[in-house]
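Just so it is clear: chains get the letters A, B, ... in the order the sequence lines come, proteins before strands, and each one is counted from 1.
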Amino acid sequence: MTTTKVLPLRESERGRVSREEAAQIEIGHTDIRRGVALLLTLFFLVMIFALPAGQHAIEFLHGKVGNRLSSIPQAWDIFRVAQDAIARWRQHKRSLDHLFTVNQEVLRKIKQYSDRLEEESWFNQQVLPITQNILSNIFGVGNEKVYVGSGDWLFYRPGIDYLIGDGFLNSSKLARDLNSNDAGKPSRQADPVQAIVQFKAQLAARGIELILMPVPDKASVHAERFTDALAGDRRALHNRSYDQFLAALQSQGIRVFDPTDLLAEFADKHGGSAYLATDTHWSPRAMEGVAAALAAELRPLLPSAPTEPLFRRETATVQNHGDLAKMLKLPYGARWPAPESVEIRPVRPATASQARVIDPSAEVLLLGDSFANIYSLESMGWGVSAGLAEQLARELNRPVDALRRNDAGAHATREALAYEVARGCGRLAGKKVVIWEFAARELAYGDWKLLDLSPARAAGSPLCGAAGLRALTGAHTRIVWTRAVDPLSKDPGARRAGFRLMGLDTDDGRGVREILRGPISSRKPLLTSDGRRVVFTDMPLGRIGVVDWDGTNLRYVADGFSAHLQADPKTGRTWVYAVAGPIDGPFSGKPLFRFDLDRPEVREVVWDRTEVSLDNFQISADGRYAFGQFPWPKVGIADLVQGTLTLTGGGCWTSLLPENGNVGWIFDGSHRNLLFTDFATKATWTVPIHQAPGVGGFEVYHPRGANHGRFFTMSGPYKEGEGDNRIGQGGREVEIYVGRFSADLRRVERWAKITTDEESDFFPDVWINPNQPPAFNPNDVEAPNAHAKSTLATGPIVVDARLAAVTLPPTLQAIAPYRQALVVYAYEVVKVHSGTATSKRILVQHWALRDGRTVVPHTRVGEIVRLALNPVESHSELQGERVIKDMTDTALPTYYAAPR
Amino acid sequence: MVFSSHLFIFYFLPLTLLLYYVMTRRYRNLLLTLLSYVFYGWANPLFTLLMLASTLIDYFCGLVMANQFGRRAPREPVPRLPRGEPRTRTQRIALIVTISSNLSLLGFFKYFNFAAESWTALANALGLPNLGLDLAFKIVLPLGISFYTFQSMSYAIDVYRGDARAIRNFVDFACFVAMFPQLVAGPIIRFADVAEQLQQRSHTLTKFARGVAFFSVGLGKKVLLANPCGKVADTVFEAASVTFLDAWYGAIAYAFQIYFDFSAYSDMAIGLGLMLGFVFVKNFDSPYDAQSITDFWRRWHISLSTWLRDYLYIPLGGNRLGEWRTYFNLSIVMLLGGLWHGASWNFVIWGGLHGGLLACERACGKRPFYFALPKQLRVALTFVILLFTWVFFRARDLPSALTYCATMLGLDSPAPSAMLLSGIIAKPYYLATMILCALVVWTCPQTWDWSKHLNLRKAATALALFVMSVAVLATQAYNPFIYFIF
């Protein structure tokens, strides 16, 4: 053990030596025993080395057992960042712009790298909940999103900040907000008055009354629960600009329904709780009180309601942790805060034949945020059918229409409405009142975009609903599909229970109806050849069900997963082609067997050479040939008699034209086009289906040919989630479409949009009465898109082009089970060296992932590169490859850039 | 990269220590330079080019001033220029080049936006909006530019004056400029202070252990004290209306935040330096124990105050040109010192206030007007004066600062929503943190003295602080040091 003696500086010495010398002398004389020094040093080193080493070991092992895509620890990704940066810099050294672009890219990646390192740290994941629990439970401290009030009440931080912060109409704050955006992001429109006045004028032009309903923050009403300093003080609190805001609206003649006083009064009368303790939102009873008062305000504006009650209330108890409790990220099973129990009162039609509670044709439209969604949206965890819209409908004794989006109440619902209006499906038709509900804090933090609410100017408005479908097919038509009970379902594969079986008949005047209310599992419903029954699969239980069109006679007839129905005209039998379990990830299995729907015991195996995918699978009229995936993504034609298989390409959602077994199509990997093949002539062509009105170039899904070759159906658009593989995300905007091909099958000449609601609708199947030949108006077609014709890629070109926009490459996990993907870049053609460029702006598909490896092109936005390109249609080998496209240009020529 | 981050503590630091101690002594400065560039480039890779350019200019100008440019590099050190002798034209030009390049860098990157905004505001105020600058871009402030330009200038001036030898080894010089422990927020190291250490420094277990103690205490100050104080200060200063008591609470919280934040960084920098064999100067000396503003500036950000004294105040004439000139010099130095902190009128006013107070005290014989009071009251009064000056340092803009000061003086009536603040800041956690801060400030020894005698108890305390800080760090969002933006 050694001790270094301390020779502190005397005061007299301090003035004579430099600070550096003084430091040297003082540091050089630390009094510490060697053992203590060793202990201190070793413990510190062990801490800082053991954690990353442990993290490396965990990630390596997870990689080995397949929990991670790679066994190379994440920390090493930094070399990839450097490697990418160097490669990109080398590619084009000369310009200063390029340097800045590369730098921005590196910065973005560095930030991602740092964030991921922290987020995925095993240590942090273990420590954070425990530490947060101590801080919140014992010391009363929340986190970046949550404040802890008194008596276990939690408060949403932006709500409090709204109340204590600057006035939202304060000119310096408006100027600050305008200038505080990150580079490259559009500025926020921070002035709510402008947007509200504009919206009021837009509605007034249609003869619709606007009622504005800012819902106060929890602390506005329950300040006493936030701080004891306000105990006993029942004044409602507002932002400094709130009175000015109300005065501004009043001067513009805008009606405001402010429920603050109502909620405060409710809190006084009902044990002091107008809001949930651990959630941002109001309590069920307080909300019902607001709905009643709102209804009283609305009645004078509406025609008299029926005297017979249309709806009834049920009672249910829900127990849940509020959204604020979840935001605290406490340990699983933490005792604090305790879950809350509330009694909700779901609103149902008084009789089964009664009108729906939420009805798109209602005279009252509620635009609402999470305050409207709570007790209505299952994923919020507080029950269903008991939200503001439902209670309002009950109070008014008339259905209401609702457009609800969690968050961003300043613009999200208006955007959704503008989108609907632009689609021309009459979302505002027949409306008398629009209620615009939003959280009051949005006044300070929302983006009050000024939006255009004019209907679509494009010629050829889309056909809508039953009448539209009738006009499209010119025949009695039925369509069936499965609808998620939770409108925000992220299960477009319908793997789980939680669905309703829906249907529409063009001729019975009932519109969209529930064939089976559910929640059930009703994957891939298929109409029998007479259109009278629906066969579907119960995925969790692996059994096949059948139900009559009117919803009666439900029975489960066999184990397995149905793939196709085929009527045998000779015997009158309806064969159900099905796959026995188990079903793997891409929904495939074997053997393929068939059974008689009416005598399920009559069954036989028809194919067991390979697995068969359940997506679309069709049998030729004579029952001999099958067109499908054997399994995904191997598309082929199987001769079921000979037992041979001829592979024709790659892709998914195949379809064979019923009248012409020589023509079939495959859904392409970008989830946007049908790739047609004439097997007799070997001709191929592409029919884009993502250009349907309202789809806006986004991904679509579940394409399926009807029992008539000119028609098909699909679901879309899939807009939720990040840039890649959005079909996995579902979303309320997913609707059912039916398209009619032109006679030469080269394009979709007319569209009908079947659903217009806030539901997630998947797996449509169309039946057109075979005894009634389609008698549609052949001249009723979509307006010709002259631009689209002129911008088809006509042949190979070599061009110098400036990169204008990119699609971010997907991760392997995001596109699984695919292992490779192309991304679409947009270029501006600068110079054509050979060939003919039909458009100045072109789209180019580049490989981003090949066999799991990243091969993304190293071009930066703004950079000019030389490209040798071929029309993508000329590369049949790309059929079925996953294509990620994060841009909505639909009428641009698309090329393929082959790897060098 | 922030010292108080997962990335730094568990990846950059262990990697640095590993490579540093594996490397032979000859290449350690090179390694340190490269790692420092990585550290610096983490914030923005392009900034490294700026630092490299600045380093190259100062390095070559140093050689020119020492008459060594173009000469063969003998082993002997470059001779120091004789003090007080006239310099050649070339030497003067070299000095001008180095100073003007550093000031240009600083001026452009730090003050361009401020100047453009001030000009536009002035043009608008004069009713000449057409003369305003409506710029579509904003200059991004490179991290730590105020620190490394001052360090570089000190080298050039010291060489010119004959206070330091020029350096031939470019790697050593680059290492001096870029050294990551103190690069971003000081202390401002003067070349003469570390010249010898760059060539020869010792690495001992004792030094390393004390470095660990410094680093751990610094981390604890930042994560456990400064950040919670920052929450309180941010809440109060961002509120539209505050009560009298909350205004004082917020001001005190900010005073503690800035002290613990900045001294934490200095402690961690000194600790990291010790782990790598360097000894850096003390940057704080219990500043809130000061009995006057003059005393405060002897204890607060010592490396900056001495830099301003040696390179600005004294060249301006210091106190040698008469009473009024001294007051003027003090004021101008503090005004510029304020502006050094940030490009905003708030900082100018903050500097001006300190300059005025220093001049007043100078007029009273370097004593405050409350000199006659007992020591504790002098300390308390000095702290109260500092609180008011910190308001200008922290407030969003000048009107906000004036309103805040009015509230502290009881001249403003708060809005009802101001009462909500207590629900955020009157939490046991924050109140306990404030009490702890006060105890540390006024009763505990500073890290420098505390770590002089390290026994087992203190070692355990340091390690406990480290572990607690790392645990709490996991719950905190990105929280950079205040001085990162200066």
Any idea which heavy atoms bring [X] and [Y] closest together, and the distance?
X	Y	result
B:Gly41	A:Ile110	O-CD1, 4.3 Å
B:Pro428	A:Phe139	CD-O, 3.6 Å
B:Ala459	A:Leu40	O-CD1, 3.6 Å

Could you tell me whether the side chain of [Y] reaches within less than 4.5 Å of the side chain of [X], counting heavy atoms only?
X	Y	value
B:Phe10	A:Ser121	no
A:Ile138	B:Tyr429	no
A:Met47	B:Val467	yes

Flag the one option from [options] with the top tally of heavy-atom pairs under 4.5 Å to chain B.
options	result
A:Val127, A:Thr41, A:Ile48, A:Val36	A:Ile48
A:Arg240, A:Gln126, A:Lys111, A:His238	A:Arg240
A:Leu107, A:Asn239, A:Val141	A:Leu107
A:Leu128, A:Ile164, A:Asn103	A:Asn103
A:Leu117, A:Leu163, A:Asn143	A:Leu117

Using a cut-off of 6.0 Å, state whether more than 12 heavy atoms not belonging to [X] lie near its atom [atom1].
X	atom1	answer
A:Lys109	NZ	yes
A:Gln125	CD	yes
A:Glu144	CD	yes

Carefully, step by step, assess B:Ile424 and A:Phe226 under the rule side chain to side chain contact (heavy atoms under 4.5 Å, CB included). CA-CA 8 Å; B:Ile424 305 170; A:Phe226 186 65; 3.4 Å; yes
So which part of [X] gets closer than 4.5 Å to some heavy atom of chain B, the side chain, the backbone, both or neither?
X	value
A:Phe44	both
A:Phe155	neither
A:Leu237	side chain
A:Ile78	side chain
A:Gln55	side chain

Residue [X] versus chain A: region with a heavy atom under 4.5 Å:
X	value
B:Phe466	side chain
B:Leu17	side chain
B:Met468	neither
B:Val212	side chain
B:Asn455	backbone
B:Ser202	neither
B:Ala418	neither

I'd like to verify something: which residue of B:Lys427, B:Lys458, B:Lys231 has the highest number of heavy-atom pairs under 4.5 Å with chain A? B:Lys427
What residue in B:Leu13, B:Asn44, B:Ile189, B:Leu420 has the most heavy-atom pairs under 4.5 Å with chain A? B:Leu420
[atom2] on [Y] to [atom1] on [X], rounded to 0.5 Å:
X	Y	atom1	atom2	value
B:Phe208	A:Leu38	CZ	CG	11.5 Å
A:Leu328	B:Thr475	CG	OG1	11.0 Å
B:Ser400	A:Asp166	OG	CG	7.0 Å
B:Leu7	A:Arg116	CG	CZ	13.5 Å
A:Thr227	B:Met419	OG1	CE	7.0 Å
A:Tyr242	B:Ser417	OH	OG	14.5 Å

Can you name the side chain to side chain contact (heavy atoms under 4.5 Å, CB included) partners of B:Ala43, sequence neighbours left out? B:Leu143
Heavy atoms under 4.5 Å from chain B: which residues of residues 129-136 of chain A carry them? A:Thr131, A:Gln132, A:Leu135
